[in-house]
2 protein chains.
Amino acid sequence: MPFEKSRSAGYLANHMARLFAHGLAQRIKPLGLAPAQFMTLLELWREDGLTQGELVARLDVEQATMANTLTRMARDGLIERRPHPTDGRAQSIHLTDKAIALEGPATAAAAAQNDVALAGLSEEERSVFLDTMNTVIHAMKSAPMPK
Amino acid sequence: MPFEKSRSAGYLANHMARLFAHGLAQRIKPLGLAPAQFMTLLELWREDGLTQGELVARLDVEQATMANTLTRMARDGLIERRPHPTDGRAQSIHLTDKAIALEGPATAAAAAQNDVALAGLSEEERSVFLDTMNTVIHAMKSAPMPK
DNA sequence: TACGCTTGAATAGCGTGCTATGCAAATTAT
DNA sequence: ATAATTTGCATAGCACGCTATTCAAGCGTA
């Protein structure tokens with residue numbers, strides 16, 4: 001039997017993530033935000049002044065990816081990189097007033113996209129779905145890489 | 001209450017898809033393949049000689065994305081672009097022997113990645129999970145774009 | 001037939017992910 | 001205290017996704 005893409009978790013995950021990203025991008029574009037910037041802001045709204053390394057750990061992206069995202073965010077006036085008070089190698093990342101003001105509208109946009117995506121599911125189904133994604137993420141993170 | 005990323009479908013979808021892509025990439029790299037190439041090959045293994053436009057429709061990516069992926073695949077000796085027999089604007093995309101030979105190992109690699117990801121789930125849970133992803137995908141594809 | 005619209009594909013430019021390097025500051029070991 | 005290692009970040013280079021633009025070939029219609 002052929003490899004059926006609509007029965008492949010990986011294929012579906014990719015397709016679903018592209019649709020989520022596209023929908024979110026459309027919704028936050030008017031705010032001057034892009035998806036990776038939003039994701040980063042989620043952490044900084046929760047706790048300002050994190051280092052790049054802390055953001056890397058919390059968002060599970062590579063250090064180089066975060067460095068580039070932060071560069072674009074600084075360019076766009078969302079963050080400021082300040083010298084770290086105690087570690088001369090590090091910087092602390094601080095939100096600008098502009099970025100602080102975006103928390104409400106941006107999280108509302110993300111919630112709206114989630115609502116559209118999950119529209120066909122009951123509360124119970126939504127909860128199971130989120131739990132399952134967390135389980136799958138954990139499985140892949142703890143699996144040893146093949147050879 | 002704060003926007004909780006581990007309870008956001010979009011955030012989890014993104015994270016999960018990155019992990020899937022990374023795992024698949026590691027597994028098919030020895031075959032000389034990258035994820036988007038594998039996805040494209042899935043369609044061509046099923047039916048050779050498709051046009052770029054047909055691939056775009058089946059994989060739900062933008063035309064420009066597919067054009068670039070096909071260019072890389074031609075560069076890597078996986079496909080050949082031949083003039084379309086009846087439409088002077090189009091080309092038909094044909095697999096090389098090399099690409100044909102990769103079907104077994106590549107689909108096995110993808111299946112292995114899916115297995116790792118779904119390891120913690122029962123058969124029933126896996127089935128529900130795939131169904132739900134298909135439902136969510138459909139919901140986002142049919143939702144009108146905001147404003 | 002000729003003009004105009006549609007359609008298949010390429011290209012440019014950018015965001016976001018990755019790996020691989022390089023460098024300077026900090027830390028550890030000798 | 002000096003040397004070696006580790007750690008924080010930047011940069012280069014590439015895959016892949018997107019939007020926007022351009023061009024040529026096909027198709028319609030006046």
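The chains referred to below are lettered A, B, ... by the order of the sequence lines, with proteins before strands, and numbering in each begins at 1.
- Side-chain nitrogen and oxygen atoms of B/Thr51 include none within less than 4.0 Å of the OP1 or OP2 phosphate oxygen of C/dG8.
- What separates CD1 of A/Ile93 from P of D/dG8 is a distance of 13 Å, to the nearest Å.
- Residue order along DNA chain D, read from the 5' end via each residue's closest nucleotide, puts B/Arg75 first among B/Arg75 and B/Asp87.
- When distances run from any side-chain atom of A/Arg72 to the nucleotides C/dT19, D/dG17, C/dT16, the shortest one goes to C/dT16.
- Applying the 4.0 Å criterion to OP1 and OP2 of D/dT7, one finds that A/Gln63 has every side-chain N and O outside that range.
- If you find the closest nucleotide of DNA chain D to A/Ala64 and to A/Ala90, the one lying nearer the 5' end belongs to A/Ala90.
- Between the CG atom of A/Leu70 and the P atom of C/dT16 there is a distance of 11 Å, rounded to whole Å.
- Counting to the nearest Å, the C1' atom of C/dG17 and the OH atom of B/Tyr11 are 14 Å from each other.
- Here the C1' atom of nucleotide C/dG8 and the CD atom of B/Gln52 are 7 Å apart, to the nearest Å.
- The listed nucleotides are D/dC16, C/dC18, D/dG17; the one nearest the side chain of B/Pro35 is D/dC16.
- Between A/Asn14 atom CG and C/dT16 atom C1' the separation is 14 Å, expressed in whole Å.
- Within the structure, every side-chain polar atom (N or O) of A/His84 is placed at least 4.0 Å from both OP1 and OP2 of D/dC9.
- Ranking C/dT11, D/dC9, C/dG17 by closeness to the A/Ala36 side chain, first place goes to C/dG17.
- At distances below 3.5 Å, not a single donor-acceptor pair connects side-chain atoms of A/Thr65 with backbone N or O atoms of A/Val61.
- Across the protein-nucleic acid pair, B/Asp60 atom CG and D/dC16 atom P stand 17 Å apart, rounded to whole Å.
- Judged purely by atom type and a 3.5 angstrom limit, B/Asn114 uses its side chain to pair as donor or acceptor with the backbone of A/Gly10.
- Using a 4.0 Å heavy-atom cutoff across all strands shown, B/Ala21 reaches no nucleic acid atom at all.
- Map A/Gly88 and A/Asn68 each onto its nearest nucleotide of DNA chain C; the residue landing nearer the 5' end is A/Asn68.
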As a quick check of understanding, evaluate side chain to side chain donor-acceptor pair (under 3.5 Å) for A/Arg72 and A/Asn68, giving each step before the final call. CA-CA 6 Å; A/Arg72 284 186 291 269; A/Asn68 287 326; 5.6 Å; no

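- Without hydrogens or angle criteria, B/Ser92 side chain to B/His84 main chain gives no donor-acceptor distance under 3.5 Å.
- For the pair B/Gln91 CD and C/dA10 P, the interatomic distance rounds to 4 Å; values are reported in whole Å.
- A donor-acceptor contact closer than 3.5 angstrom is absent between the side chains of A/Thr132 and B/Arg126.
- Distances from the side chain of A/Ala67 to the nucleotides D/dA24, C/dA25, D/dA10 place D/dA10 closest.
- Of the N and O atoms on the side chains of A/Gln63 and A/Gln52, at least one donor lies less than 3.5 Å from an acceptor on the other residue.
- When distances run from any side-chain atom of B/Ala34 to the nucleotides D/dG26, D/dC16, D/dC18, the shortest one goes to D/dC16.
- Between the CG atom of A/Leu50 and the P atom of D/dC9 there is a distance of 11 Å, given to the nearest Å.
- Closest approach to the B/Thr69 side chain among D/dG17, D/dT6, D/dA15 is made by D/dG17 (side chain taken as heavy atoms from C-beta onward).
- Comparing D/dG17, C/dA10, C/dT16 by their closest approach to the side chain of A/Arg18 singles out D/dG17.
- Between B/Thr65 and the phosphate of D/dC16, there is no side-chain N or O to OP1/OP2 separation shorter than 4.0 Å.
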